[in-house]
Amino acid sequence: MQHKVLILDFGSQYTQLIARRVRELNIFCEIFPYNSKSFNVEDYSAVILSGSPFSVRAENAPHPNLSQIKGKLPLLGICFGAQYLAHNFGGEVGASNTREYGRANLSFIKGEELFFEGVSEGSQVWMSHSDTILDLPESYELIASTHDVKNAAFKIKDENTYGIQFHPEVYHSSDGLTILKNFLVNIAGVAQTWTPDSFVETTVAELKEKLGNDKVVLGLSGGVDSTVAATLISKAIGKNLYCIFVNNGLLRKNEFENVLDQYKHMGLNVKGVDASARFLKELAGESDPEGKRKIIGRVFIETFDDEAHEIKDVSWLAQGTIYPDVIESVSATGGPSATIKSHHNVGGLPDFMKLKIVEPLNTLFKDEVRRVGKSMGIDAELLGRHPFPGPGLGIRILGDITPEKVRILQEVDAIFVQGLKDAGLYDKVWQAGAMLLPVNSVGVMGDERTYEKAVVLRAVESTDGMTADWVNLPYEFLQKTSNKIINSVKGVNRVVYDISSKPPATIEWE
Ligand SMILES: Nc1ncnc2c1ncn2[C@@H]1O[C@H](COP(=O)(O)OP(=O)(O)OP(=O)(O)O)[C@@H](O)[C@H]1O
Ligand SMILES: O=c1[nH]c(=O)c2[nH+]cn([C@@H]3O[C@H](COP(=O)(O)O)[C@@H](O)[C@H]3O)c2[nH]1
Ligand SMILES: NC(=O)CC[C@H](N)C(=O)O
Ligand SMILES: [Mg+2]
């Protein structure tokens, strides 16, 4: 049995980060809302309690039942989790005199403490709290302090239970990972065996067992998630996996042909469906952003459904849903009714098609999906691809969409992206693309007046697309790219660079 760690979420903004850090130690972990009924404590080797926006003193504060956990399994409470362990077992938590946010340093660490092995006094820790533990319960032992927070870390005598006021999961706690490792590996004895290779091995075995001789259909987008999902499932059931790659007419230049070709070399059973004419026909005349998105979504579902019906006796729909898709839809403090949206990827598709869902990547973060992809030998270029939105160029052509506009934007985008690759900038940028504006502007080319389209180049850095900043691309690169676009793309006489961050702007223009 694989060792795994349970993280109980009380609604902290950092809960996902705890999981990422634990995974960095090659230890598998899962997050559940503290009041979830969907986990079995017996399945875990250690438990971590997250922080929370709630004060333990508030009447409506989360009140987890720890009777099966505390004293029975190694347990670490972080911030709210630590306060809870103090407050509810005979200690006292109150409002702190000075609210502490940000940097602090450990000014005292109890000697010979396994929990702090390799951590020295002075070590920087990150704080984010307005309550503080005023008094520890009788059986608790103080093991570290900062200048302002006396009870910064404690352990319970004769139990493997620890509490810390600071956040070891954030990057700015410089020994955070060491502390988590001390707790999980040295104290709890959890094995560091969770690697991409072991994930592939166990997942393929599970998929074989689950899917047997059933047929599975999967939408391939050319993106990372669906490609890695397809490769895993294909390893388990081979030709019983039917992949469908839809050309919605809004893909990048030559993308449909290139991606299909790439998939053929990977041994996947893929059908390319060129529905571009159908999409463009349905989109004709629509210029409202939401209207366009709805049409693209609907026609995608119709096309996919038509194709899936061509496959006899298919009973599963596979999706490339990844962990953040799942967690983002779970709310720890939203009450017991909080549900997980399993249909995140292709809104509505599963209900509509009455197929069972299989999502082999739904416990992985994006960087882990890439590592798993790499361990299965998927091409590095494919794994390093920038995200590309499902509605494609449809939400980068402002206003109504025509075949001519698609052609222009494909050309511009291709020059920009190839230019980034040639200049060694592609991997330094999180996402890049071009927008076609619905305005003409006056120019002069070869002594003649022109009145043509303006395009926007956008390149952003980000980690998850939720927030983003524009990238400081070298002027020389911008200059070269602009020249090349204006000189070679007919219909464009002006190029501008988008210098807006998200928020307040979004990455896509529509
Ligand atoms: N052109 C397409 N043809 C077939 N399926 C598609 C297409 N575009 C998207 N999909 C399906 O819809 C899902 C959601 O697409 P989206 O781009 O939102 O997801 P994603 O998280 O970026 O995944 P990926 O990395 O696989 O693109 C994809 O995982 C894929 O299953
Ligand atoms: O698959 C997708 N379907 C969509 O409808 C969609 N809209 C935006 N995006 C991508 O999401 C990230 C954030 O984009 P925004 O800042 O424009 O919201 C960026 O990476 C966008 O490319 C989409 N991806
Ligand atoms: N980050 C936290 O867990 C904060 C806990 C509690 N809400 C406080 O302000 O002290
Ligand atoms: Mg995609």
Side-chain angles (χ1 to χ4, degrees), residues 10-15 49-58 61-62 77-84 93-96 99-101 126-133 165-167 170 217-230 243-251 255-256 259 270-273 275 279 289 292-293 296-297 300-301 303-304 307 317-322 324-325 344-347 349 359 361 366 369-370 373 382-383 385-392 394-396 430-433 458 460 462 464-468 500 502-503 505-510:
F10 299 95
S12 166
Q13 53 175 325
Y14 299 136
T15 307
L49 309 177
S50 84
S52 172
F54 280 97
S55 164
V56 289
R57 298 172 297 131
I78 296 175
C79 201
F80 174 92
Q83 294 167 355
Y84 186 84
V93 171
S96 57
R99 301 224 266 175
E100 272 208 302
Y101 298 104
W126 211 251
M127 296 281 191
S128 175
H129 61 117
S130 51
D131 278 356
T132 196
I133 301 171
Q165 183 59 72
F166 56 89
H167 290 271
V170 307
V217 62
L218 175 143
L220 266 181
S221 71
V224 176
D225 305 341
S226 52
T227 305
V228 174
C243 302
I244 296 172
F245 177 37
V246 177
N247 183 1
N248 58 12
L250 303 163
L251 302 175
E255 175 106 328
F256 188 57
V259 168
V270 186
K271 179 168 183 193
V273 179
F279 277 87
K292 290 195 287 185
R293 278 174 178 275
I296 297 168
F300 176 76
I301 289 172
T303 310
F304 192 88
E307 292 301 324
L317 173 73
Q319 298 199 130
T321 310
I322 66 173
D325 303 335
H344 164 84
N345 264 343
V346 202
L349 199 48
E359 299 176 319
L361 305 178
K366 191 87 179 188
V369 174
R370 292 205 166 99
L382 198 157
L383 294 176
R385 275 208 167 155
H386 289 177
F388 186 68
I395 54 173
R396 294 182 180 174
W430 191 78
Q431 185 172 15
R458 182 133 171 85
V460 296
S462 175
D464 49 17
M466 304 292 285
T467 57
S500 328
K502 170 184 182 176
T506 51
I507 296 174
E508 307 294 346
W509 275 44
E510 284 193 340

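First listed ligand is number 1; within each ligand, the first listed atom is number 1. All values below come from the heavy atoms of this structure, side chains included, with hydrogens, waters and symmetry mates left out. Quantities reported herein were computed from a predicted structural model and do not represent experimental measurements. Heads up: numbering here begins at 1 and tracks the sequence.
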Does even one non-hydrogen atom of Val224 get within less than 4.0 Å of ligand 1?
yes
Okay, side chain of His386, backbone of Ala432: is any donor-acceptor separation there less than 3.5 Å?
yes
Give the numbers and elements of all ligand 1 atoms closer than 4.0 Å to a heavy atom of Ser221.
6 (C), 7 (C), 8 (N), 9 (C), 10 (N), 24 (P), 26 (O), 27 (O)
Donor-acceptor pair, side chain of Arg458 and main chain of Ser500, under 3.5 angstrom
yes
Here the gap from Gln83 atom CD to Phe80 atom CZ, rounded to the nearest 0.5 Å, amounts to 7.5 Å
Under the 3.5 angstrom rule, does the side chain of Arg385 hit a backbone N or O of Gly222 as a donor-acceptor pair?
yes
Considering both backbone and side-chain atoms of Pro387, is one of its nitrogen or oxygen atoms within less than 3.5 Å of a nitrogen or oxygen in ligand 2?
no
Rounded distance [0.5 Å steps], CD1 in Ile296 versus CG in Leu250
5.0 Å
Per-atom contacts, ligand 2 versus Pro391 - under 4.0 Å to a heavy atom:
3 (N), 4 (C), 5 (O)
Provide the number and element of each atom of ligand 1 under 4.0 Å from a heavy atom of Val246.
1 (N), 2 (C), 3 (N), 4 (C)
So, does Lys271 use its side chain to make a donor-acceptor pair with the main chain of Cys243 at under 3.5 Å?
no
State the atoms of ligand 2, each with its element, that fall below the 4.0 Å cut-off from a heavy-atom position in Lys502.
13 (C), 15 (P), 16 (O), 18 (O)
Using modelled atom types only, decide if a donor and an acceptor are shared between the side chain of Glu359 and the backbone of Gln319 within a distance under 3.5 Å.
no
Any sub-3.5 Å donor-acceptor pair from Ser96's side-chain atoms to Thr132's backbone N or O?
no
Are Ser12 and Ser52 close enough, and set up right, to give a side-chain hydrogen bond (donor to acceptor under 3.5 Å, both in side chains), and what steps lead you there?
CA-CA 4 Å; Ser12 166; Ser52 172; over 6 Å; no
Near Phe300, which atoms of ligand 1 are under 4.0 Å from a heavy atom of that residue?
2 (C), 3 (N), 4 (C), 5 (N), 6 (C), 7 (C), 10 (N)
Using a heavy-atom cut-off of under 4.0 Å, does the side chain or the backbone of Ile244 touch ligand 1, or both, or neither?
backbone
State the CG-CZ distance between Leu251 and Phe279, to the nearest 0.5 angstrom.
9.0 Å
Is any side-chain N of the basic residue among Glu510 and Arg396 closer than 4.0 Å to the acidic one's carboxylate O?
no
Atom 26 (O) of ligand 1: of Gly219, Ser226, Pro389, the nearest heavy atom sits on Ser226
Tell me whether the rings of Phe256 and Phe245 are parallel (<30°), tilted (30 to 60°) or perpendicular (>60°).
tilted
Ligand 2 and Gly390, any nitrogen or oxygen pair closer than 3.5 angstrom?
yes
What does the 4.0 Å heavy-atom contact list look like for ligand 3?
Gly51, Ser52, Pro53, Phe54, Cys79, Phe80, Gln83, Ser128, His129, Ser130, Asp131, His167
Report the part of Trp430 (side chain from C-beta onward, or backbone N, CA, C, O) that has a heavy atom under 4.0 Å from ligand 2; answer both or neither where that applies.
side chain
Per-residue contact class, Leu220 against ligand 1 - non-hydrogen pairs under 4.0 Å:
backbone
